[in-house]
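So the structure is just underneath, and the comments pick up after that.
All heavy atoms count here, side chains included; hydrogens, waters and symmetry mates do not.
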Amino acid sequence: MRFLTLSLGTLIFLANICSGQTIDVRSPSLTEPLYRPALVGKGPTALINQINEKELAKKGQKAAVVMFNCCVRKDGKVIWAATYQGSPDSTLLEQEVLTRLNGAKFIPAIYNHVRVDAMFYGSVTFTVVSGKPRLRIFANQETAELKVESDFVEPQPFFGNESKFTGWHYPPSSLAPVDVNGAVNLSISVTNEGILDEASILDEEPPLLGFGEAAIGDIHLARFIPAFRDGKPVAAKVVLPVYFKRSDDFFK
């Protein structure tokens, strides 16, 4: 089980955002839906209920936002997680999110009526309103979606079944002869059936070491849980952040 902090970049804090999701979550005893993304859920083991916002406020955490992704297994358990792109002075929130992901349980993803292991991309916001801490978790990392408080879940690559995705793989040593960390932002378009329609490299750091090509190669193997808007699967174009470390096991 691997939990990492990747503080690369800064995002503007987006306050007062609605966190509701309207996707139908059916009982395991009933027929599973065609598609369902991994979701935070609402039970006692849900991430939203694991994070101690009162303790964060007591320690002095101010308004902040942190992005994270994690691999959610078929049973809802998290087996890999990372935080990144924290806003200024978000260290306490980032540490708390990473710690609580270790024991959190998600609603698992479903593709073609079958539960699958999937990657969840989320955002956590924290603020103090009238002296009371306020924590929100969202199933997307799109600034435009968060600004308008939309009910949007971004596409989630999954493992197994119809997907050949096995995680992110460090470039060959011939391209990256020294051990350095890499970061890539991919622009991807995914159909309402979870099929990758287009993928391109927006930026990569450091350049010329093969990180962008490696990310593109891996993502073209993926099938996705499609994006959901207002509870229904839709086609979507999003930015997918990818981080590389030589020592990582890449989820599987």
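Note that the NZ atom of Lys62 and the OG atom of Ser90 stand 14.5 Å from one another [nearest 0.5 Å]. Atom CZ of Phe228 and atom CG of Asp151 lie 10.5 Å apart (nearest 0.5 Å). Within the model, atoms CZ of Phe120 and CG of Asn69 stand 10.0 Å from one another, a figure rounded to the nearest 0.5 Å. With rounding to the nearest 0.5 angstrom, the CZ atom of Arg223 is 8.5 Å from the CD atom of Glu193. Interatomic distance, CD1 of Ile219 versus OG of Ser187, reported as 11.5 Å (0.5 Å rounding). To the nearest 0.5 angstrom, Leu101 atom CG is 7.0 Å from Ile51 atom CD1.
Two different hydrophobic clusters hold Ile195 and Ile225 under the rule that ILVMFWY side chains link at heavy-atom gaps under 4.5 Å. Taking hydrophobic clusters as Ile, Leu, Val, Met, Phe, Trp and Tyr residues chained together by side-chain heavy-atom distances below 4.5 Å, Leu221 does not share a cluster with Leu240. Val242 is connected to Phe211 through a chain of hydrophobic side-chain contacts under 4.5 Å among Ile, Leu, Val, Met, Phe, Trp and Tyr, so both are in one cluster. Neither Val114 nor Leu39 shares a network with the other; the hydrophobic side chains, linked directly or stepwise wherever heavy atoms of I, L, V, M, F, W or Y lie under 4.5 Å apart, form separate groups for each.
No side-chain heavy atom of Trp80 sits under 4.5 Å from any side-chain heavy atom of Cys70. Counting only heavy atoms from C-beta outward, the side chains of Val124 and Val65 never approach each other to under 4.5 Å. Side-chain contact between Val238 and Pro155 is present, with heavy atoms from C-beta onward closer than 4.5 Å. Taking 4.5 Å as the limit, some side-chain heavy atom of Phe138 sits within range of a side-chain heavy atom of Thr125. Between Ile216 and Asp218, every side-chain heavy-atom pair lies at or beyond the 4.5 Å cut-off. Put simply, the side chain of Gln85 does not reach to within 4.5 Å of the side chain of Val66, judged on heavy atoms. Residues Phe106 and Val78 have side chains in contact (heavy-atom distance under 4.5 Å, counting atoms from C-beta outward). Side-chain contact check for Ile201 versus Val184: some heavy-atom pair is nearer than 4.5 Å.
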query: Taking it one step at a time, do Val180 and Tyr170 satisfy side-chain contact (heavy atoms from CB on, under 4.5 Å)?
result: CA-CA 10 Å; Val180 294; Tyr170 200 90; 3.8 Å; yes
- request: Walk me through it: do Phe224 and Phe158 pass the test ring pair (Phe, Tyr, Trp, His ring centres under 6.0 Å)?
  value: CA-CA 6 Å; Phe224 293 77; Phe158 66 89; 8.1 Å; no
task: Please lay out, stage by stage, how Lys237 and Ile188 fare under the test side-chain contact (heavy atoms from CB on, under 4.5 Å).
output: CA-CA 6 Å; Lys237 184 175 183 178; Ile188 63 169; over 6 Å; no
task: Report the C-alpha distance between Glu154 and Glu145 in whole Å, list the side-chain angles of each, state the deciding distance to 0.1 Å, and finish with yes or no for side-chain contact (heavy atoms from CB on, under 4.5 Å).
output: CA-CA 10 Å; Glu154 71 176 68; Glu145 297 290 348; over 6 Å; no
field: side-chain contact (heavy atoms from CB on, under 4.5 Å) between Arg115 and Arg36, worked out
entry: CA-CA 9 Å; Arg115 295 190 179 196; Arg36 183 182 71 198; 4.3 Å; yes
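With a 6.0 Å radius and a threshold of 12 heavy atoms from other residues, nucleotides or ligands, Asn112 has its CG atom above the threshold.
Taking both residues in full, the closest heavy atoms of Cys71 and Phe159 are given as SG-CE1, 3.6 Å, listed atom of the first, atom of the second, then distance. Contact record, Gly76 with Pro108: N-CB, 4.1 Å, taken as the closest heavy-atom pair. In this structure, Pro226 and Gly194 approach most closely via the heavy-atom pair CB-N, 3.9 Å. Residues Asn181 and Pro206 come closest through the heavy atom pair O-CD, 3.4 Å. The minimum heavy-atom distance between Val128 and Ala57, with the atom names listed, is CG2-CB, 4.4 Å. The nearest pair of heavy atoms linking Tyr121 to Pro157 is CE1-CD, 3.9 Å.
A donor-acceptor distance shorter than 3.5 angstrom exists from the side chain of Thr99 to the backbone of Gln95, with no hydrogens or angles considered. Although no hydrogens or angles enter the test, the distance criterion places no donor-acceptor pair under 3.5 Å between the side chain of Glu205 and the main chain of Ala183. Between the side chain of Asn161 and the backbone N or O of Ser163 there is no donor-acceptor pair closer than 3.5 Å. One N or O on the side chain of Glu96 and one on the backbone of Asn52 form a donor-acceptor pair closer than 3.5 Å. A donor-acceptor pair under 3.5 Å links the side-chain atoms of Gln141 to the main chain of Phe68, judged by distance alone. A side-chain donor-acceptor contact under 3.5 Å links Gln156 to the backbone of Ala38. For Gln61 (side chain) and Pro133 (main-chain N/O), no donor-acceptor pair under 3.5 Å exists by modelled atom type. Using a distance-only test at 3.5 Å, with no hydrogens or angles considered, no donor-acceptor pair links the side chain of His113 to the main chain of Tyr111. Ser123 contributes no side-chain N or O that, together with a main-chain N or O of Met67, makes up a donor-acceptor pair within less than 3.5 Å.
Residues Glu53 and Arg134 are not paired through a salt bridge, judged by the lack of any N-O separation under 4.0 Å between the basic side chain and the carboxylate. Taking a cutoff of 4.0 Å between a charged side-chain nitrogen and a carboxylate oxygen, Asp117 and Arg73 do not qualify as a salt bridge.
With side-chain heavy atoms closer than 4.5 Å counting as contact, directly or through intermediates, the hydrophobic cluster containing Leu202 also holds Val239.
Checked against the 6.0 Å centroid criterion, the rings of Tyr243 and Tyr84 qualify as a close aromatic pair.
For Asp197, there are no side chain to side chain donor-acceptor pair (under 3.5 Å) partners at least two apart in sequence or on another chain.
The salt bridge (charged side-chain N to carboxylate O under 4.0 Å, His left out) pairs that include a residue from residues 103-114 number zero, where partners must be two or more places apart or lie in different chains.
Checking Asn49, Leu93, Val97 one by one against Leu135, the side chain to side chain contact (heavy atoms under 4.5 Å, CB included) holds for a single residue, Leu93.
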